[in-house]
Amino acid sequence: MNKRRTIFGALAITLVTALPSTAVATQPDASIVASARAQQIAGVDIVPDDLDTLDVANRPTEAAVEALQGALELARQHPDDLSYPWLDTESGKVILNSVSAKGSTLAAGFQEKHTGVEESRTAQRSYSDLEKIKHEAIGLTDKDVPDGKAIFETTPDGEHNRVLITVRRLSTSLASALARRYGADAIALVHAPDRPLGSPQSRQNDTSPFYGGARIITPDGRSCTSGFPWIDGGTYMMLTAGHCAPTGGFVDAPTQSMGYVNEGTRENWNVGEGTQLFPGDTRFRGDLALVEMYPSRQGIGRVYRGGSDAGIGDSASVSGIWQRRAAVYDEVCTDGQRTGEQCGWLVVRTEFDARSTEGIWRNVVRGQKLGQCALPGDSGSPVYTVNADGSVTGRGILDGSGGGGSDGWGGLFDPCVATFTDITDALEGLPGSPLTQ
């Protein structure tokens, strides 16, 4: 058995490529088709379920991760000429797989321009081919193949130029049917009888493609709320509050990784000081952070609406952003993971600075309302206006809240207050723009 650890599944591109491969396949290298032969059923390799055995000592360097991401993007751009690259954690080098003469030329050009790329190899199946298997196999049912419902995960295996199909139960009939459908060497089965299934996507359990208004876990383990799904070129991102990741770091959903915030360039908050200038900027822009998602993750131009337990059925599309900055007397809604959608906020102040418990907010907006206040954990939530068709128009990112007394319920003498950063400051200070539908 080849025990060398490789990294790919956690960084897999999830773009669906429906077109079949048009590349002329060549004979694959033996190193690619070689696989673990410890056990087979119907000619299909059975490989161990090692999801929880990643060795932190094999964590790749940032340069290696960047090289892998670049190789993945190249494969996505040329899906019929290249296949999935992979990262050899023993050497720390990225290996490119090509399936055509054009692909070999592209891989050679990439290797010349990037350090940390070891070599280019010839593969049999293209990125398009493996994506087709990955996306079709996960949807198979008992009507399609025997015991199709046992399938609950599909992951590219760049090293062996195949797709790993994770199943609850092993059976000869299922393995035979999959081998006939895709080819025995195009897949391998992972037996994971005890792996828990993910819960349905919801505000409290958001998964890729990520929505706004959902619970996220900050680098220091606190809970915040995702703001607006964002995109810059082909890179998916998530906007949230800067104080949720004041020194950068990894941001996750409760059961799935999301991405990373670069300190200083993609967040503008220092604990104890407050708002900082983005590099090269001359305007203080509230309290913002931009999470860059992993290549295997995506966002979608939607936000959860409704209560704290809202699901996909309670979501709404983001139709766009407000065409001007917030003004006094505007009415907006917040959408925190803890208190859900709270509308009726009346803007009472704009372009102001204010002290908070963690620093000074600069150039922010203040809203006020009666009733349910926003609570800790709602920070980072989208601020929006609801349109007649139920869609929302982006207005900002919730930075903090107060008022309402000990019960968080605002009355005439102690109304709720909310501080948010105008969406215009995110557009002007950060790369990209909101995803819309």
Any donor-acceptor pair under 3.5 Å linking the side chain of Arg285 with the backbone of Gln276?
no
Taking atom types as modelled, find out whether Gln337 and Tyr304 have a side-chain donor-acceptor pair closer than 3.5 angstrom.
no
Looking only at side-chain N and O atoms, does Asp335 offer a donor or acceptor that is under 3.5 Å from a partner on Ser381?
no
Checking side-chain polar atoms at under 3.5 Å, does Thr141 have a donor or acceptor matched by the opposite partner on Asp144?
yes
Under a 4.5 Å cut-off applied to non-hydrogen side-chain atoms, are Ile321 and Arg395 in contact?
no
Pairs flagged by salt bridge (charged side-chain N to carboxylate O under 4.0 Å, His left out) wherever residues 263-272 is involved - sequence neighbours left out:
Arg266-Glu292
Will you find, in the side chains of Asn161 and Ser83, an N or O donor that is under 3.5 Å from an N or O acceptor?
yes
OH/Tyr294 to CZ/Phe250 distance, rounded to the nearest 0.5 angstrom?
4.5 Å
Sub-4.5 Å side-chain heavy-atom contact between His243 and Ser379:
yes
Minimum heavy-atom separation for Thr225 and Gly377, please, with both atom names.
OG1-O, 2.8 Å
Could you tell me whether a side-chain N or O of Trp269 sits under 3.5 Å from a main-chain N or O of Ala241, the two making a donor and an acceptor?
no
Report yes or no: do Asp378 and Thr339 form a side-chain donor-acceptor pair below 3.5 Å?
yes
Electrostatic pair Asp314:Arg203 at N-O distance under 4.0 angstrom:
no
Is a donor from one side chain sitting under 3.5 angstrom from an acceptor on the other, for Trp322 and Thr385?
no
With heavy-atom distances below 4.5 Å as the criterion, would you say the side chains of Leu430 and Leu288 are in contact?
yes
Distance (rounded to the nearest 0.5 Å) between Ile397 CD1 and Ile423 CD1:
5.5 Å
If you look only at pairs with a residue in residues 299-309, which of them pass as a salt bridge (charged side-chain N to carboxylate O under 4.0 Å, His left out), with sequence neighbours excluded?
Arg305-Glu341
Where does the angle between the aromatic ring planes of Tyr84 and Tyr127 fall among parallel (under 30°), tilted (30 to 60°) and perpendicular (over 60°)?
tilted
So how far is it from Leu72 CG to Ser296 OG, rounded to the nearest 0.5 Å?
9.0 Å
Donor-acceptor contact present, side-chain Asp422 to main-chain Ala326, <3.5 Å:
yes
Could you tell me which residues satisfy side chain to side chain contact (heavy atoms under 4.5 Å, CB included) with Asn387, sequence neighbours excluded, listed by chain and number?
Ser319, Asp389, Ser391, Thr393
Got a sec, which residues hit side chain to side chain contact (heavy atoms under 4.5 Å, CB included) with His78, two or more places apart in sequence or on another chain?
Leu74, Asp81, Leu82, Lys102, Leu106
Shortest non-hydrogen contact from Leu398 toward Thr419
CD1-O, 3.5 Å
Grab the two heavy atoms, one from Phe228 and one from Pro382, that are nearest each other, plus how far apart they are.
CZ-CB, 3.5 Å
Enter the distance from Thr154:OG1 to Leu140:CG here, rounded to the nearest 0.5 Å.
9.5 Å
Would you find a donor on one side and an acceptor on the other, under 3.5 Å apart, between the side chain of Arg297 and the backbone of Ser257?
yes
Checking salt bridge (Lys or Arg N to Asp or Glu O under 4.0 Å) for the pair Asp129/Lys134: CA distance, chi angles, key distance, verdict?
CA-CA 9 Å; Asp129 295 331; Lys134 183 182 75 174; over 6 Å; no
Pair Asn268, Thr275: side-chain N/O donor-acceptor within cut-off below 3.5 Å
no
Close side-chain approach of Met293 and Phe210, heavy atoms under 4.5 Å:
yes
Taking side chain as C-beta onward, heavy atoms only, is Tyr182 less than 4.5 Å from Ile187?
yes
Evaluate the side-chain proximity of Gln39 to Val47: yes if any heavy-atom separation is below 4.5 Å, no if none is.
no
Please find the pair of heavy atoms, one from Ala374 and one from Ser401, that lie closest to each other, and give the distance.
O-OG, 2.9 Å
Compare every heavy atom of Val417 with every heavy atom of Gly403, then report the nearest pair and how far apart it is.
N-CG2, 4.2 Å
Look at the side chain of Asp252 and the backbone N and O of Pro254, then say whether any donor-acceptor pair between them is shorter than 3.5 Å.
no
Taken in chain and number order and not counting sequence neighbours, the residues that satisfy ring-ring contact (aromatic ring centres under 6.0 Å, His included) with Phe110 are His114
Between Glu428 and Arg325, is there a side-chain N and carboxylate O pair less than 4.0 Å apart?
yes
Could Arg362 and Asp287 be called an ion pair, given the rule that one side-chain N must be under 4.0 Å from one carboxylate O?
no
side-chain hydrogen bond (donor to acceptor under 3.5 Å, both in side chains), that's the test. Do Asp80 and Ser128 meet it? Break it down for me.
CA-CA 6 Å; Asp80 297 320; Ser128 291; 2.8 Å; yes
Closest approach of Leu174 to Asp147 (non-hydrogen atoms, all atoms of both residues):
CD2-O, 3.9 Å
Residues Asn205, Thr255; criterion side-chain hydrogen bond (donor to acceptor under 3.5 Å, both in side chains); working and verdict:
CA-CA 7 Å; Asn205 185 47; Thr255 61; 2.8 Å; yes
Measure from the side-chain N and O atoms of Thr122 to the backbone N and O of Ser98, and report whether any donor-acceptor pair falls under 3.5 Å.
no
Check: Gln298 main-chain N/O paired with Ser208 side-chain donor or acceptor under 3.5 Å:
yes
Indicate yes or no: at least one non-hydrogen side-chain atom of Asn97 is less than 4.5 angstrom from one of Trp86.
yes
Any non-hydrogen side-chain atom of Leu239 less than 4.5 Å from a side-chain atom of Pro434?
no
Would you list the pairs meeting salt bridge (charged side-chain N to carboxylate O under 4.0 Å, His left out) in which at least one residue belongs to residues 215-235, sequence neighbours left out?
Asp220-Arg222, Arg222-Glu358
I'd like to know if Asp45 and Arg162 make a salt bridge, using a cut-off of under 4.0 Å between side-chain N and carboxylate O.
yes
